[in-house]
Number of protein chains: 2
Amino acid sequence: MSRIDAPSPSGRRSSRRVTLADVAARVGTSTITVSRALRRPEMVSPALRARIAEAVHELGYIPDPAAQALASQRTSVIGVLIPSVTNNVFSDVLSGVYSAVSGTPYKVQLGNTRYRSETEEELIRVFLSQRPAGLVVAGVDQTPEARTLLERAGCPVVQIMDLAQDPIDMMVGFSHHEAAQAATEHLIAQGYRAPAFIGARMDPRSTRRRAGFRAALDAAGLPVEGHEMVTNDASSVSLGGTLLDRLLAQAPETDAVFCNNDDLALGVQFAALRRGFRIGESFGVCGFNDFEVNAAAYPTLTSLRTFRHDMGRTAMEKILARLDDRDPGPRIADLGFRLMPRESTRRG
Amino acid sequence: MSRIDAPSPSGRRSSRRVTLADVAARVGTSTITVSRALRRPEMVSPALRARIAEAVHELGYIPDPAAQALASQRTSVIGVLIPSVTNNVFSDVLSGVYSAVSGTPYKVQLGNTRYRSETEEELIRVFLSQRPAGLVVAGVDQTPEARTLLERAGCPVVQIMDLAQDPIDMMVGFSHHEAAQAATEHLIAQGYRAPAFIGARMDPRSTRRRAGFRAALDAAGLPVEGHEMVTNDASSVSLGGTLLDRLLAQAPETDAVFCNNDDLALGVQFAALRRGFRIGESFGVCGFNDFEVNAAAYPTLTSLRTFRHDMGRTAMEKILARLDDRDPGPRIADLGFRLMPRESTRRG
DNA sequence: TTGACGCATGACAGCGCTGTCAATAAGCAT
DNA sequence: ATGCTTATTGACAGCGCTGTCATGCGTCAA
């Protein structure tokens, strides 16, 4: 009984898988040559290569990733660790990731850290056990253990969404501190004299944004004390309104709000409309990220545009470049940000 | 030279992987017993099991998924095929998927079909080549080839987001036709006499929603002709405003709009505020899905709530139940919908 | 006491592929 | 013609794990 005719041991599948051996038998060559024809075509003569390609097509051969991984000690899986799948920020990043990876033989595997570093560390272990081709992690604030694991990963690693001086390997992000500072300076420049900060889900990046807000107030000689309203709860539009209520109870003189993100800013704006505030004139609102809704909102909502899609795409392109032995560019890529002034801070 | 001491052939990794053999050697048992202790603990005596667990912990053993997959002809990967990673509808579904899968040994692998059935079919082939433990696909409108592939997949398959009479295997969704009809009936019941439909990204589910809209108008004896404004472009908030402009140019008598989704509805509402319409009174707006923003919007936005998180979670629970030989419940799960009447259709 | 039975454990092969090294043919300068 | 390099192909083993079947041992009814 030849190996090829043997039924699968478990009998779970009715149709036996088409293997390299089947293709090789059809062409009359060896399995290793078929393998090479598929993975490193330049090593196989054009004539043989064509016959192999034909047989592959006729038989509908698809490589078994598990066997490839086991034999080669590498996979085509690129792991992406993000804190949330519902946060629009990360869906944009993901769309960039997928746009870069589509058309390549690599696959994305997502890990949801839920904003918890223990979960992140655990997921890193799980991913590494798969010998991934590359890894993308959100943020620069990994635990020391996680950092060590990643440094020894033996594959390209990109930290995204933030910047720091000591990349594990590569980094694609922007300065949250500077971006928030620029936003706050805009409020001050527009003449608002009592700007406040509203924040939810105070992760490390949000904390840096608050620091940028404080730096701008300090530089302008404006008081910070009492002009912040933050929570660690998950962000939402309605929470923006809630936090505005609390803020105004605490600091009624507030004439502008810089929000951690656009959801909160939208919620603030809806609540301000209810209160009859003249948004943009006596009351300024600025968001963060600049989602598509901002330009359509009533009034249109000032924000700090971040390049989330580009971050995902660039991170993945750097990994792919390294895997292909091409130049991945600078270790640290600062994608910057851009102030988008709109009606909500127009000042008449 | 013992096998265990042999250097890895490629030398790519500095630290050799901890294998089952290492654990077995430490405990003084065989690899197969260690394997069983981990996968089917009831087959191993408690005493041995405890010593194995200790050795696993001390050595930091993590199984190699590729080797497991190759030997057992099954993986712990559950594939999820969705049309978009940025559409909030699918991020909610995903969060449900991840909530069900977290804590289990299964991993989610995402496929982005980009609303194209050829891409979907190709991804199904790629996923099947990995022998997934289960598969989740969006919609019920697979190509005949895709259907055949999925029927022969040899693993649990769940179609989500929609309902039909002939599930490939299992189905979790709701009736888009009935939901849209209910929304339109609400507009009519509130006294709007010239309701229109606005839609973008007219995929099969959107098309069924339009059919529901038409059915409601027909039943009420109201004209459909000229009261629809649709596009196949991707949906966005600003597009809602654009489509409203076009609609009003075509049918100025329009006194209410039922939108394909909440993004469009929000855009319609913003544009209507700009035009000075009295939203909810002389001009009604109704969305679809009921995102969190709706309840906070100004005015609050009527919508049809769908249970997206639950769809993802239920689909995954059904797969996990089948994998554990538990009862997955009915083949077809109708999660329904719920009208959420708010200010935007209040009628004074 | 004996045979049947179930439980716990082990030996062995092989999943489908690729790394390594060997073999052969072809090309080329001397 | 000779020796050497380059291009093309193949043989073989083994990646780390699990399915299958075999073995040993204690239990229990007859």
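This structure is a prediction, so every number in the text was calculated from the model and none was measured. Letters A, B, ... are given to chains in the order of the sequence lines, protein chains preceding strands, and every chain is numbered from 1.
In this structure, B/Leu20 atom CG and C/dG14 atom P are separated by 20 Å, rounded to whole Å. Atom CD in B/Gln130 sits roughly 16 Å away from atom P in C/dG16 (whole-Å rounding). In this structure, B/Ile62 atom CD1 and D/dC17 atom C1' are separated by 16 Å, rounded to whole Å. Distance, B/Glu42 CD to C/dA8 P: 10 Å, rounded to whole Å. Distance, B/Asp22 CG to D/dG16 C1': 11 Å, rounded to whole Å. Atom CZ of A/Arg51 and atom P of D/dT8 are 15 Å apart (whole Å). Here D/dT6 presents its C1' atom at 12 Å from CE of A/Met43, a figure rounded to the nearest Å. The nearest whole Å value for the distance from the CZ atom in B/Arg17 to the P atom in D/dC17 is 6 Å.
When the shell of 6.0 Å around CD of B/Gln165 is examined, it contains 12 or fewer heavy atoms from other residues, nucleotides or ligands.
For the atom pair CD1 (B/Ile78) and CD (B/Gln109), the distance works out to 11.5 Å, reported to the nearest 0.5 Å.
DNA chain C lies under 4.0 Å from at least one heavy atom of each of the following residues of residues 29-41 of chain B: B/Thr29, B/Ser30, B/Ile32, B/Thr33, B/Arg36.
Look at B/Gln73 and you won't find any side-chain N or O under 4.0 angstrom from OP1 or OP2 of D/dC17.
For the residue pair A/Thr119 and A/Thr113, the shortest heavy atom distance occurs at CB-O, 3.5 Å. In plain terms, the two heavy atoms of A/Asp169 and A/Gln159 that are nearest each other are N-OE1, 4.5 Å. The heavy-atom pair separating A/Val157 from A/Ala153 by the smallest distance is CG2-CB, 4.2 Å. Residues B/Phe90 and B/Ser84 approach most closely at CB-O, 3.4 Å, considering heavy atoms.
The A/Asp64 side chain lies nearest to C/dG16 when the options are C/dG16, C/dT18, D/dG16. Picking from D/dC15, D/dT9, D/dG16 the nucleotide with the shortest atom distance to the side chain of A/Ala71 gives D/dC15. If you check D/dC17, C/dT9, C/dG16 against the side chain of B/Gln68, the one that comes closest is D/dC17.
Defining each end axis of the helix from C/dT1-D/dA30 to C/dT30-D/dA1 as the rotation carrying four pairs' C1' atoms onto the next four, with five pairs an end, the two axes are found to diverge by 30° to 10 degrees.
Defined by atom type and a distance below 3.5 Å, a donor-acceptor pair is missing between the side-chain atoms of B/Thr75 and B/Gln130.
When side chains are defined from C-beta on, B/Met311 does not count as touching B/Asp92, because their heavy atoms never get closer than 4.5 Å. Looking only at side-chain heavy atoms (C-beta outward), B/Lys318 and B/Pro156 stay at 4.5 Å or farther from each other.
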